[in-house]
Amino acid sequence: MRYGYIRVSSQNQNTDRQLIALKEHGISEENILTDKMSGKDFNRPAYRRLLKKLHKGDCVVVKSIDRLGRSYKDIIKQWQYITKDIGA
């Protein structure tokens, strides 16, 4: 399964550019999860739902790695969890 993840920092920011990019990569809209909140940590509702959906062999697409979070150290930990622990 292919999933997309979108994050913007606030409710009034636009997700269109990220949504268009994910659709161009063949991600269907029903498999795109969106959070409109800070990337200071990974306790975000859509991100948590994404992790619960992922299985070995699945693919996660983000427009830019910084859309996962603010801290590259934390992003790397999450990416390792997704790729090593889950196998996506």
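Just so you know, residue 1 is the first one in the sequence shown, and it goes up from there. Just the heavy atoms: all of them, side chains too, but no hydrogens, waters or symmetry mates, feed the values below.
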*So do K36 and Q13 actually touch side chain to side chain, heavy atoms under 4.5 Å?*
no
*Taking the side chain as every heavy atom from C-beta outward, state whether L19 and K63 have any pair of such atoms under 4.5 Å apart.*
no
*Go through the steps to decide whether Q18 and V62 satisfy the test side chain to side chain contact (heavy atoms under 4.5 Å, CB included), and finish with yes or no.*
CA-CA 8 Å; Q18 292 180 64; V62 293; over 6 Å; no
For residues 24-32, please give each side-chain donor-acceptor pair under 3.5 Å, one per line with the distance, not counting sequence neighbours.
{"residue": "S28", "atom": "OG", "partner": "E30", "partner atom": "OE2", "Å": "3.2"}
{"residue": "S28", "atom": "OG", "partner": "N31", "partner atom": "ND2", "Å": "3.3"}
{"residue": "E29", "atom": "OE1", "partner": "K23", "partner atom": "NZ", "Å": "2.8"}

*Indicate yes or no: at least one non-hydrogen side-chain atom of L50 is less than 4.5 angstrom from one of I82.*
no
*Give me the other members of the hydrophobic cluster that M37 sits in, counting Ile, Leu, Val, Met, Phe, Trp and Tyr linked by side-chain heavy atoms under 4.5 Å, directly or via other members.*
none
*Full working for side chain to side chain contact (heavy atoms under 4.5 Å, CB included) between I65 and I75*: CA-CA 8 Å; I65 196 73; I75 291 169; 3.7 Å; yes
_How about CZ on R17, more than 12 heavy atoms from neighbouring residues, nucleotides or ligands closer than 6.0 Å, or not?_
no
*So do V61 and C59 actually touch side chain to side chain, heavy atoms under 4.5 Å?*
yes
*Can you list every pair that meets ring-ring contact (aromatic ring centres under 6.0 Å, His included) and has a residue in residues 46-86, with sequence neighbours left out?*
Y5-Y47, F42-Y47
*asked:* For S38 versus R70, what's the shortest heavy-atom pair and its separation?
replied: OG-NH2, 2.6 Å
*Is a donor on one side and an acceptor on the other found under 3.5 Å between the side chain of D58 and the backbone of M1?*
yes
_Heavy-atom side-chain contact between I86 and K56 under 4.5 Å_ = no
*For D35 and A46, which heavy atoms make the closest approach, and how far apart are they?*
OD1-N, 2.9 Å
_Side-chain touch V60/L54, heavy atoms, less than 4.5 angstrom_ = yes
_Under 3.5 Å side-chain donor-acceptor pair for R7 and T34_ = no
*Check the hydrophobic clustering (I, L, V, M, F, W, Y; side-chain heavy atoms under 4.5 Å; chains of links allowed) and say if L22 and L68 are grouped together.*
no
*At what distance, to the nearest 0.5 angstrom, does CD1 of I6 lie from CZ of R67?*
10.5 Å
